[in-house]
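Presented below is the structure to which this report refers.
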Amino acid sequence: GLALMPVSMTGYSGNPDLDPFRATQFDTAVEWYFAPASLLAAGVFYKDVSAFTTSVEVVEEHPEAPNNTLTGPASYTYLIGRPVNGEDGKVQGIELNYQHALSMLPAPFDGLGYAVTYTYADSETPEIDELTDKVMPLPNSSEHSANAVVYYEKGSFSGRVAYNYRGEYMTNG
């Protein structure tokens with residue numbers, strides 16, 4: 001459907017002709033379980049993305065309901081955002097994961113633990129930025145992301161506090 005916002009003269013429309021996301025991917029990881037519920041892992045990945053969705057903005061004329069019967073309906077110019085099929089792209093990177101259950105602590109602290117993860121993802125598409133002449137990344141792909149979690153799990157009780165970080169990313173191709 002089409003959603004128009006007359007105050008800002010913008011809108012958004014869907015696109016029934018979008019292709020599904022498709023990717024051929026490879027990943028491998030090495031994991032070391034050095035204590036109960038504790039892990040150190042490193043992985044690498046490569047994804048060849050043959051279809052993804054990006055967005056474009058187009059100027060379109062859309063009629064409005066008539067203001068009065070003498071002049072008839074009016075037509076207004078809107079800036080419409082619409083998803084479209086993107087070109088091929090690729091993503092490669094590394095993932096690091098460390099989790100440690102602190103079960104060696106005296107009760108009741110023996111349910112504490114923490115986990116940290118980090119991902120580096122380098123993506124690119126055939127699209128070139130007209131201003132910088134640099135290769136454009138895949139939309140919504142951050143180069144750096146990380147998570148840190150402190151948790152408590154004992155018996156039927158489970159609680160977590162998490163911090164998530166995601167680097168800048170391009171939202172519009």
Side-chain angles (χ1 to χ4, degrees), residues 1 12-57 81-173:
Y12 183 81
S13 176
N15 183 349
D17 296 323
L18 291 176
D19 292 332
F21 278 74
R22 290 189 189 103
T24 301
Q25 57 189 28
F26 167 80
D27 62 78
T28 188
V30 176
E31 301 174 344
W32 176 38
Y33 297 89
F34 58 89
S38 299
L39 162 76
L40 177 61
V44 296
F45 60 89
Y46 175 82
K47 299 178 185 192
D48 185 5
V49 183
S50 62
F52 65 91
T53 301
T54 187
S55 295
V56 296
E57 291 182 334
R82 179 173 287 119
V84 295
N85 294 315
E87 299 183 38
D88 295 350
K90 63 182 177 179
V91 182
Q92 63 258 335
I94 62 167
E95 299 172 314
L96 304 173
N97 185 351
Y98 180 76
Q99 178 176 321
H100 195 172
L102 301 176
S103 55
M104 78 295 276
L105 294 176
F109 303 107
D110 55 346
L112 285 170
Y114 60 94
V116 292
T117 63
Y118 169 75
T119 302
Y120 170 78
D122 179 32
S123 71
E124 61 183 54
T125 67
E127 298 175 11
I128 305 295
D129 186 317
E130 295 174 6
L131 296 176
T132 64
D133 277 342
K134 291 186 178 181
V135 173
M136 300 288 283
L138 282 172
N140 301 310
S141 177
S142 295
E143 192 172 63
H144 302 279
S145 60
N147 304 293
V149 177
V150 175
Y151 64 87
Y152 185 86
E153 294 181 355
K154 190 155 184 167
S156 62
F157 180 80
S158 177
R160 294 179 179 272
V161 175
Y163 170 77
N164 300 305
Y165 167 79
R166 180 177 181 187
E168 63 184 20
Y169 56 95
M170 182 187 71
T171 58
N172 199 6

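Only this structure's heavy atoms are used, side chains among them; waters, hydrogens and symmetry mates stay out.
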Sequence neighbours excluded, the answer for side-chain contact (heavy atoms from CB on, under 4.5 Å) partners of Tyr120 is Ile94, Tyr118, Asp122, Glu143, His144
Measuring from atom [atom1] of [X] to atom [atom2] of [Y], what distance do you get when rounded to the nearest 0.5 angstrom?
| X | Y | atom1 | atom2 | result |
| --- | --- | --- | --- | --- |
| Leu112 | Leu102 | CG | CG | 6.0 Å |
| Asn97 | Asn147 | CG | CG | 9.5 Å |
| Arg82 | Leu18 | CZ | CG | 10.5 Å |
| Phe26 | Phe45 | CZ | CZ | 12.5 Å |
| Ser142 | Tyr165 | OG | OH | 7.5 Å |

Compile the donor-acceptor pairs under 3.5 Å between side chains in residues 30-40 and protein atoms, sequence neighbours left out, one pair per line.
residue	atom	partner	partner atom	Å
Glu31	OE1	Tyr33	OH	2.8
Ser38	OG	Pro36	O	3.3
Ser38	OG	Ala101	N	3.0

ask   = Has the side chain of Asn15 got a donor or acceptor atom that lies under 3.5 Å from a matching backbone atom of Pro83?
value =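 Checked: pair present.
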Open item on the list: Under a 3.5 Å distance rule, please check whether Asn85 uses its side chain to pair with a backbone N or O of Asp19 as donor and acceptor.
Closed with: yes
If you take all heavy atoms of [X] and [Y], which pair is closest and at what distance?
| X | Y | answer |
| --- | --- | --- |
| Ser123 | Ser141 | OG-OG, 3.5 Å |
| Val149 | Ala162 | CG2-CB, 3.9 Å |
| Tyr152 | Pro108 | OH-O, 2.6 Å |
| Asp88 | Ser50 | OD1-O, 3.0 Å |

- Query: Are Asp48 and Thr24 close enough, and set up right, to give a side chain to side chain donor-acceptor pair (under 3.5 Å), and what steps lead you there?
  - Reply: CA-CA 5 Å; Asp48 185 5; Thr24 301; 5.6 Å; no
* **Residues that Tyr98 engages under side-chain hydrogen bond (donor to acceptor under 3.5 Å, both in side chains), provided they are two or more places apart** =>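 Once residues adjacent in sequence are excluded, the partners of Tyr98 under the side-chain hydrogen bond (donor to acceptor under 3.5 Å, both in side chains) criterion are His100.
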Set of residues satisfying side-chain hydrogen bond (donor to acceptor under 3.5 Å, both in side chains) with respect to Arg160, sequence neighbours excluded: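 side-chain hydrogen bond (donor to acceptor under 3.5 Å, both in side chains) list for Arg160, sorted by chain: Glu153.
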- Message: I need the full list of salt bridge (charged side-chain N to carboxylate O under 4.0 Å, His left out) pairs touching residues 93-113, with sequence neighbours left out, sorted by first then second residue.
- Response: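 Sorted pair list: Asp110-Lys154.
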Salt bridge (charged side-chain N to carboxylate O under 4.0 Å, His left out) filter on Lys90, not counting sequence neighbours, yields Glu124
*asked:* Around atom CZ of Phe109, are there more than 12 heavy atoms from other residues, nucleotides or ligands closer than 6.0 Å?
replied: no
